[in-house]
Participant: 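What follows is a single structure, and I will ask about it in a moment.
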Amino acid sequence: MSVDPDVVIVGAGAAGVAAARRLAESGLSALLLEAGQRVGGRAWTCDVAGLPLDLGCGWLHSADRNPWTGIAEASGFAIDRRPPAWRRQYRDLGFSRAEQAAAAAAFAAWSERLATAPPPSDVAADALEAGGEWNAYLQAMSGFISGAGLERISAADYLAYDAASTECNWRVTAGYGRLIAASLPPKIPLRLATRVEAIALDRAGVSIATPAGTIAARGAILTVSTAVLAGGAIRLPVALDAWRHAASCLPLGRDEKLFLEILGDSPFAPETQVLGDPRDARTGAHYIRPLGRPVIECFIGGEGARMLEEEGPAAGFARAIDQLAALFGSEVRRCLRPLVASHWSRMDHVGGAYSHALPGRAAARGDLARPFEDRLFFAGEATHRDDFSTAHGAYQSGIRAAEEALAALAPRRAE
């Protein structure tokens, strides 16, 4: 590669796009490298059967303060502001009104215990009621929220996100992934399918080794996932062992999506949702006809997503259809067809869904976010203290890392 930029941005997800947007406004030159074939990272709007389907992030969480909301509006992307149907079981199918109230009360009681008397262990599961009737339901919720069971979740980390969230959730009609991909500034050079193999330090700054050659730069912004950092996919100097350790304390959970196409007449009403089995921690959450489209979005988290990873998408589709048939009747099988499935955990350059802090390790987010010697800067959803696991947390981290790079490198360039 015959380039010599001031800053190399590694990873073209939401954080990398945000860093590129900030650097595009500065006097520093930048180059964006992405191991995959597209821009967006864990935001991916896939066009299937003429429909824009978000296989990754799909909701503008905390939309009333989410920077992507303003970017969407400024870019002409329509936003659907209807509230989600998450808390209502359509027609109380397989989950009576009384059971829904009891499950919600159990979740509220667990949340209250977590906030007012947090377990000394910092293990979120230790705030569960012993033998609680709805503990499996709470584990399912943890799978959806964090991608892992409550035994692996830091109570302090969970509470930080919960306190910061506004619970305002909207959607980008054309797709969240499409918005993020379209937001990359054209003046920043982009190299897709370019995997970073190693980063080395030298007197002038850093050198970035790729299969296409080595790039010299004054600094680099790393936005790759914690699975990539902790797993050693990129060879880093020994001096960065503390950052690699911090990443290992913030593993990616398991969350996957399956989309079923609805064919012909069916009992499926738009903008409704059902839990397949609220007493099974592995259950899917099935969002029916989102935005009126003829699909069902099946969201699988935690242990259910692990089973999907091990058994493959065909088994996942079969399990989702079984759950829907158990609720709506066996005749719905004829009008459901597997359409597309995500496989985040199987993607080497991603390695999972979004991060959660292990018990006792919430401070690792700040440790991972620290710059190294004013030449390596770290971004990504995992580096945000309370908006982690979201595209807006990733965006904010990318802006923060770009500002750190500018503060360190711009004055030296002026000299």
Side-chain angles (χ1 to χ4, degrees), residues 1-34 38-43 57 60 62-77 79 172 174 176-192 194 196 199 204-206 208 215-224 368-385 387 390-415:
M1 290 186 180
S2 57
V3 294
D4 189 16
D6 290 311
V7 181
V8 170
I9 304 168
V10 182
V17 169
R21 288 170 63 90
R22 178 64 188 91
L23 292 178
E25 303 169 354
S26 74
L28 297 184
S29 60
L31 171 67
L32 180 58
L33 304 179
E34 167 56 41
R38 57 177 180 79
V39 175
R42 284 165 278 176
C57 56
L60 290 159
S62 297
D64 47 350
R65 63 174 183 81
N66 186 324
W68 289 112
T69 301
I71 294 170
E73 292 171 333
S75 304
F77 280 78
I79 294 176
V172 181
Y176 206 166
R178 177 159 291 135
L179 166 66
I180 291 172
S183 300
L184 179 66
K187 68 182 295 184
I188 299 295
L190 168 67
R191 303 288 184 269
L192 294 174
T194 304
V196 171
I199 297 177
V206 298
I208 314 290
I215 306 164
R218 297 171 60 217
I221 298 175
L222 275 67
T223 76
V224 297
L368 184 59
R370 291 181 296 122
F372 175 78
E373 291 188 352
D374 283 345
R375 48 181 164 168
L376 286 177
F377 310 89
F378 295 83
E381 54 86 12
T383 68
H384 202 290
R385 291 180 183 272
D387 281 335
T390 68
H392 65 274
Y395 181 92
Q396 292 161 352
S397 76
I399 296 295
R400 185 254 312 146
E403 293 286 359
E404 291 168 347
L406 284 167
L409 302 178
R412 279 187 267 157
R413 184 176 185 185
E415 294 172 3

Participant: With rounding to the nearest 0.5 angstrom, report the OG1 to OH distance, Thr390 to Tyr176.
Facilitator: 6.5 Å
Participant: Is Arg191 close to Ile215 at the side-chain level, that is, under 4.5 Å between some pair of heavy atoms?
Facilitator: no
Participant: Which heavy-atom pair separates Leu368 from Phe378 by the least distance, and what is that distance?
Facilitator: O-CB, 3.1 Å
Participant: Is a donor on one side and an acceptor on the other found under 3.5 Å between the side chain of Thr194 and the backbone of Leu192?
Facilitator: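 Confirmed, Thr194 side chain pairs with Leu192 backbone.
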Participant: Determine yes or no for a side-chain-to-main-chain donor-acceptor pair under 3.5 angstrom, with Thr383 supplying the side chain and Ala379 the backbone.
Facilitator: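 The answer is no, because no donor-acceptor pair under 3.5 Å joins these two groups.
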Participant: Any heavy-atom pair between the side chains of Glu73 and Ile79 that's under 4.5 Å?
Facilitator: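 Sidechains of Glu73 and Ile79: in contact.
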Participant: Look at atom CZ of Arg385 and say whether more than 12 heavy atoms of other residues, nucleotides or ligands are closer to it than 6.0 Å.
Facilitator: no
Participant: Whether the side chain of Arg375 engages the backbone of Gly205 through a donor-acceptor N/O pair (distance < 3.5 Å, no angle test) should be reported.
Facilitator: yes
Participant: Evaluate the side-chain proximity of Ile199 to Leu376: yes if any heavy-atom separation is below 4.5 Å, no if none is.
Facilitator: yes
Participant: Closest approach of Ala12 and Leu190, non-hydrogen atoms and distance?
Facilitator: CB-CD1, 4.5 Å
Participant: Which atoms form the tightest heavy-atom contact between Val17 and Pro185, and what is the distance?
Facilitator: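 Here Val17 and Pro185 meet closest at O-CD, 4.5 Å.
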Participant: Tell me, with the steps shown, if Val206 and Val8 meet side chain to side chain contact (heavy atoms under 4.5 Å, CB included).
Facilitator: CA-CA 9 Å; Val206 298; Val8 170; over 6 Å; no
Participant: Can you name the closest pair of heavy atoms from Val39 and Ala181 and give their distance?
Facilitator: O-CB, 3.6 Å
Participant: Any side-chain to backbone donor/acceptor pair from Ser29 onto Asp6? Under 3.5 Å, distance only.
Facilitator: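 The answer is yes, because a donor-acceptor pair under 3.5 Å joins these two groups.
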Participant: If you compare all heavy atoms of Ala401 against all heavy atoms of Ile221, which two are closest, and at what distance to 0.1 Å?
Facilitator: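 Taking every non-hydrogen atom into account, CB-CG2, 3.9 Å.
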Participant: If you measure from CD on Glu404 to CD1 on Ile399, what distance do you get to the nearest 0.5 Å?
Facilitator: 11.5 Å
Participant: Do any pairs count as a salt bridge (Lys or Arg N to Asp or Glu O under 4.0 Å) and have a residue in residues 10-22, sequence neighbours left out, and if so which ones?
Facilitator: Arg22-Glu25, Arg22-Glu403
Participant: Out of curiosity, Ile9 CD1 to Leu23 CG, how far, rounded to the nearest 0.5 Å?
Facilitator: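 Interatomic distance, Ile9 CD1 to Leu23 CG, rounded to 0.5 Å: 5.0 Å.
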Participant: Can you check side chain to side chain contact (heavy atoms under 4.5 Å, CB included) on Ile71 and Tyr395, steps first, answer last?
Facilitator: CA-CA 11 Å; Ile71 294 170; Tyr395 181 92; 3.5 Å; yes
Participant: Kindly compute the distance separating CZ (Phe377) from OG (Ser397), expressed to the nearest 0.5 Å.
Facilitator: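 Taking CZ in Phe377 and OG in Ser397, the distance rounds to 14.0 Å.
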Participant: If I take atom NE2 from residue His392 and atom CZ from residue Arg65, how far apart are they, to the nearest 0.5 angstrom?
Facilitator: 4.5 Å
Participant: Minimum heavy-atom separation for Ala63 and Thr69, please, with both atom names.
Facilitator: O-OG1, 2.8 Å
